[in-house]
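Predicted model, so just to flag it, every value in this text is computed and none were measured. In what follows, chains carry the letters A, B, and so on, assigned in the order in which the sequence lines appear, proteins first and then strands, with residues in each chain numbered from 1.
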Amino acid sequence: MSRLPRNFYAQHTLEVATELLGKVLVVYRQGIRLSGEILEVEAYTGTDDPASHAFRGPTPRNQPMFSTPGHTYVYFTYGMHHCVNVVAHDNNGPGAVLIRAVRPLEGLDLMQTRRKNKPFSQLTNGPAKLCQAFQLDRQDTNIDLVTSDEIWIEDQGKRFLPEEMKATPRIGISTAMEKEWRFIVL
DNA sequence: TGAATGATCACG
DNA sequence: GTGATCATTCAT
């Protein structure tokens, strides 16, 4: 159960994205540990990526994407949903990896309550759904996953073979559909 | 297939 | 200040 170190996040955004599959997102609050195995991610970079929030340069919202690798970037969208990213880049940024789905491991009862008693298969199978289950919002943006005592990512030794993973176009975007920067576990 | 629902940002 | 857009979810 080792927490991912800074140098894990300080690699190319695409590299971090694929390596995050199988890692475990942990939120520890009020004595309760919530966790889930990451099964789906998307990479977003900068001026080479029109679909990225950082494409047109830094703004108050996307500022975490330009900061030190290993921070969170949580944004609010569609007037009702939150999504959580991991800041990752090997230069001075920007770059982040959107966590789109996890497999619940710990804290399923609390997750199910927060998800309005949806079946287990639908607790964390979407970027805004998992933020509901883990109760992540804008207060949780720009948190350092390397040093925080509330949010971090662990390597529990899980590895996927190349044939167990797949790259596809990203979901819900209107540009850069040719980039296959969504990575899923089959 | 479309409604919900409001922050964000480019523009001027 | 205004309007188009939005890295989504859910019910119809």
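Partners of A/Arg61 under the salt bridge (Lys or Arg N to Asp or Glu O under 4.0 Å) rule, at least two apart in sequence or in another chain, do not exist in this structure. Residues forming a side chain to side chain contact (heavy atoms under 4.5 Å, CB included) with A/Pro119 (at least two apart in sequence, or on another chain): A/Ser121, A/Gln122. The salt bridge (Lys or Arg N to Asp or Glu O under 4.0 Å) search around A/Glu19 returns none, not counting sequence neighbours. With sequence neighbours excluded, no residue satisfies salt bridge (Lys or Arg N to Asp or Glu O under 4.0 Å) with A/Asp137. Residues satisfying the salt bridge (Lys or Arg N to Asp or Glu O under 4.0 Å) criterion with A/Glu150, sequence neighbours excluded, are A/Arg29.
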Fill in the blank from the handout: Contact string for nucleotides 1-10 of chain C, one letter per nucleotide 5' to 3', B = base within protein heavy-atom range under 4.0 Å, S = sugar-phosphate only, - = neither, reads -----BBBSS
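Listed by first then second residue, pairs satisfying salt bridge (charged side-chain N to carboxylate O under 4.0 Å, His left out) with a partner in residues 107-121 of chain A number zero, not counting sequence neighbours. Here side chain to side chain donor-acceptor pair (under 3.5 Å) pairs that include residues 163-180 of chain A, with residues two or more places apart or in two chains, are A/Asp49-A/Arg170, A/Thr168-A/Arg182.
Residue contacts for A/Arg182: at a heavy-atom cut-off of 4.0 Å it reaches no nucleic acid atom on any strand shown.
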Between protein and nucleic acid, restricted to nucleotides 10-12 of chain B and to nitrogen or oxygen atoms under 3.5 Å apart, what atom pairs and distances do you find?
none

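Annotated stems with DNA chain B as a participant read B:1-4 with C:8-11, B:6-11 with C:1-6, given as range with range, by first number; only runs of 3 or more Watson-Crick or G-U pairs under 3.5 Å qualify.
A donor atom on one side chain and an acceptor atom on the other are found under 3.5 Å apart for A/Tyr44 and A/Glu42.
A/Ile171 belongs to no hydrophobic cluster with other residues, because no ILVMFWY side-chain heavy atom falls under 4.5 Å from its own, directly or through intermediates.
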Would you tabulate the side-chain donor-acceptor contacts of residues 75-84 of chain A under 3.5 Å, counting partners in other chains and residues two or more places apart, or write 'none'?
none

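When rounded to the nearest whole Å, the span between NE2 of A/His82 and P of B/dG6 equals 12 Å.
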